[in-house]
Amino acid sequence: MTTERRERPSTWGKITDAEMERIAQRFASWRPDVPWWRDCTRDAFEHYALGIGNANPLFQDEEYAANTRWGGLVAHPLFLDSFGRRAGQGGGGFPGVHATHASLFWTFYKPVTLGLRIQMKSCMWEHYLAPSRFAGRMLDVVRRHAWVDEDDGTMIANNWGLVKRWERDAARGRRDTASPHRDWRRHVYTDEELQDLWEAYDAIEVRGAEPRYYEDVAVGDKVGPYITMPYVGREIISYYMGTGAPFMMSNTNMYNYFKRHPGANVPDPDTQTPDVPERTHYDQQFARFAGFPDMFDVLQPRSGYGTTMVTNWMGDDAFLRELSMLGRRPVAYGDVCWIHGEITEKFQRGDENLVKIVMVYDSQKWRASWGHALVSLPSRERGPVVLPEPGIDPETEPYDKENPTPEYAKEILYQPEPDLPDAAFIKDEVGVR
């Protein structure tokens, strides 16, 4: 990297056919990810729980966890995110084109326990252009991720993910006219609203050591709610401290990364100071440069908050089998996220006693996300939870060039909004739902 300012190529920040063809050559090419944590330790589990704002002692109190069915600490299910959150690999292509996670679908096979040695690997699976009111068009990128126990080669979890990429110039040009977020404004709290929030936080329940049995739940039962603090820069910085962040580097490390991946450098529009896309989550002006009216949240911690609601509800003796979440709209600076759900299915599969929970994520402005959780509960009649058979390593699956992403995965990544009522505090502030 030279100290002279170089003119960017005309394709920088653009979604081009040539770049789509070039990156398509990398589809289904698996490679290891660089983790934030390399070992499953007490500190790692606790720091992730602190970073995501989780107060469940199962994930951070050794003495408490020793008396559960697991016999010791287990990690919050989305702790696995921290095994692929530090930059270093590159390879996503499209330099200067913004990216954000948009949808995910997890399957879990066993809990993460102290001392477990984990290898995360990932690959791009396919991409295609999609229309967008926000930026005119977007590139939808489907990715796959797998977490493997290094000692016995069994699967711990796998994940389908959808990333949306857009041209910042196009989004910025539509920001104040055609964007669905054009009338966005910050919510100003009254003392009464804040008091309502504090009371809602005090009412959050953690089931903990009291088992929730399969026989004691029914279709139609409500789950939650779980309420986040109003979104500010502190929230995302706290999360990054617990799980790492792709571009959070400094000095020589940052310089060397920019030298290897010059397209990752997103200079400050006023000063040309080198910077990174993650700044959109804690800086209003930089978010506006990317096409948003204000700083906005990240999908991974939002999905972690939903996971927290489910693990609070299900208790220590249960096991989370699946989790999905579609990010429909951002949670803006100052907005809370009220997560609530309902049991929609109850069934037995082999030795498992399963309930499906459909859940939604509402801010003051709109429905920001929705998704589902599949929970394996203990049974009074059939006994404790039985963990599923280890999953198949997705790297061993054949790649179908004609139909890369199977229909069951697409149905979940693009799942329609469920018919659940809005959270009580949603305001019709912007006229957009």
Side-chain angles (χ1 to χ4, degrees), residues 54-59 68-70 74 76-78 104-111 199-228 302-326 337-362 367-389 408 411-412 415-426:
N54 185 287
N56 192 333
L58 180 64
F59 306 135
T68 68
R69 68 152 291 179
W70 310 108
V74 295
H76 185 284
L78 293 201
L104 51 86
F105 171 32
W106 289 83
T107 304
F108 302 96
Y109 298 99
K110 64 181 180 181
E199 292 176 2
Y201 297 140
D202 285 337
I204 292 174
E205 296 182 359
V206 180
R207 182 77 174 188
E210 182 183 356
R212 188 178 293 280
Y213 290 106
Y214 178 76
E215 290 81 5
D216 297 339
V217 302
V219 171
D221 285 357
K222 306 301 181 187
V223 178
Y226 182 81
I227 307 97
T228 68
R302 197 193 302 177
S303 62
Y305 306 146
T307 307
T308 291
M309 182 190 76
V310 174
T311 54
N312 282 354
W313 173 85
M314 71 190 198
D316 299 340
D317 289 358
F319 180 69
L320 180 63
R321 287 285 282 115
E322 292 181 2
L323 179 84
S324 74
M325 179 175 157
L326 182 146
C337 195
W338 184 290
I339 309 166
H340 54 110
E342 180 179 304
I343 296 177
T344 58
E345 294 181 45
K346 177 182 176 182
F347 60 96
Q348 293 174 326
R349 184 171 63 195
D351 293 328
E352 295 180 285
N353 310 292
L354 300 167
V355 294
K356 180 180 179 180
I357 301 166
V358 170
M359 50 189 176
V360 294
Y361 303 63
D362 292 336
R367 180 146 292 169
S369 285
W370 52 81
H372 88 283
L374 190 66
V375 178
S376 179
L377 292 175
S379 167
R380 296 182 189 277
E381 299 175 359
R382 302 192 342 146
V385 161
V386 176
L387 294 179
E389 292 294 323
Y408 79 89
E411 287 177 2
I412 293 179
Q415 60 188 287
E417 179 179 352
D419 184 20
L420 289 183
D422 293 338
F425 64 82
I426 286 188

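Classification of the F105-H372 ring pair by plane angle, with boundaries at 30° and 60°, yields tilted.
Taking the salt bridge (charged side-chain N to carboxylate O under 4.0 Å, His left out) definition, one finds that R380 meets it with D216, sequence neighbours left out. For the salt bridge (charged side-chain N to carboxylate O under 4.0 Å, His left out) test, no residue two or more places apart in sequence or in another chain qualifies with R212. Evaluation of the salt bridge (charged side-chain N to carboxylate O under 4.0 Å, His left out) rule for K110 yields D149, D152 as partners, not counting sequence neighbours.
The shortest non-hydrogen separation linking N54 to F59 is OD1-CD1, 3.4 Å. When all heavy atoms of G371 and Q415 are compared, the pair lying nearest together is CA-OE1, 3.6 Å. The two residues Y361 and C337 make their nearest non-hydrogen contact at CB-SG, 3.6 Å. Contact record, A318 with V385: CA-CG2, 4.0 Å, taken as the closest heavy-atom pair. For the residue pair P111 and L387, the shortest heavy atom distance occurs at CD-CD1, 3.8 Å. Of all heavy-atom pairs between F108 and P77, the closest is CE2-O, 3.7 Å.
Between the CG atom of L58 and the CG atom of D317 there is a distance of 9.5 Å, given to the nearest 0.5 Å. Between L104 atom CG and L323 atom CG the span is 6.5 Å, to the nearest 0.5 Å. From Y305, atom OH reaches atom CE of M325 across 10.0 Å, with rounding to the nearest 0.5 Å. Residue T307 holds its OG1 atom at 9.5 Å from CE of M314, rounded to the nearest 0.5 Å.
At a cut-off of 3.5 Å, with distance as the only test, no side-chain donor of T107 or R321 sits close to an acceptor on the other residue. When only modelled atom types and interatomic distance are considered, T308 and H76 share a side-chain donor-acceptor pair under 3.5 Å. Residues D316 and T68 have side chains that never bring a donor and an acceptor to within less than 3.5 angstrom of each other. Side-chain contact, H340 with D362: a donor N or O sits under 3.5 Å from an acceptor N or O. The closest side-chain donor-acceptor pair between R207 and N312, if any, does not fall under 3.5 angstrom.
Residues W106 and L78 meet the side-chain proximity criterion, which asks for heavy atoms closer than 4.5 Å. A 4.5 Å side-chain heavy-atom check between S376 and N353 finds every atom pair outside the cut-off. Put simply, the side chain of Y214 reaches to within 4.5 Å of the side chain of K346, judged on heavy atoms. You'll find the side chain of I339 stays beyond 4.5 Å of the side chain of I227, heavy atoms only. Annotation: side chain of I357 is not in contact with side chain of E342 (no heavy-atom distance under 4.5 Å). No side-chain heavy atom of W370 sits less than 4.5 Å from a side-chain heavy atom of S324. The shortest distance between side-chain heavy atoms of I343 and W313 falls below 4.5 Å.
In terms of modelled atom types and a separation under 3.5 Å, the side chain of S369 and the main chain of L326 share a donor-acceptor contact. Using a distance-only test at 3.5 Å, with no hydrogens or angles considered, no donor-acceptor pair links the side chain of K356 to the main chain of V375.
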Residue pair V310, M359: steps toward the side-chain contact (heavy atoms from CB on, under 4.5 Å) verdict: CA-CA 9 Å; V310 174; M359 50 189 176; 3.9 Å; yes

side-chain contact (heavy atoms from CB on, under 4.5 Å) between E389 and D351, intermediate numbers included: CA-CA 11 Å; E389 292 294 323; D351 293 328; over 6 Å; no

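Summarising the local packing, CD of Q348 is surrounded by more than 12 heavy atoms from other residues, nucleotides or ligands at distances under 6.0 Å. The local environment of CG in D419 is sparse, with at most 12 non-hydrogen atoms from other residues, nucleotides or ligands closer than 6.0 Å. Around the CD atom of E199, the shell of radius 6.0 Å holds more than 12 heavy atoms that belong to other residues, nucleotides or ligands.
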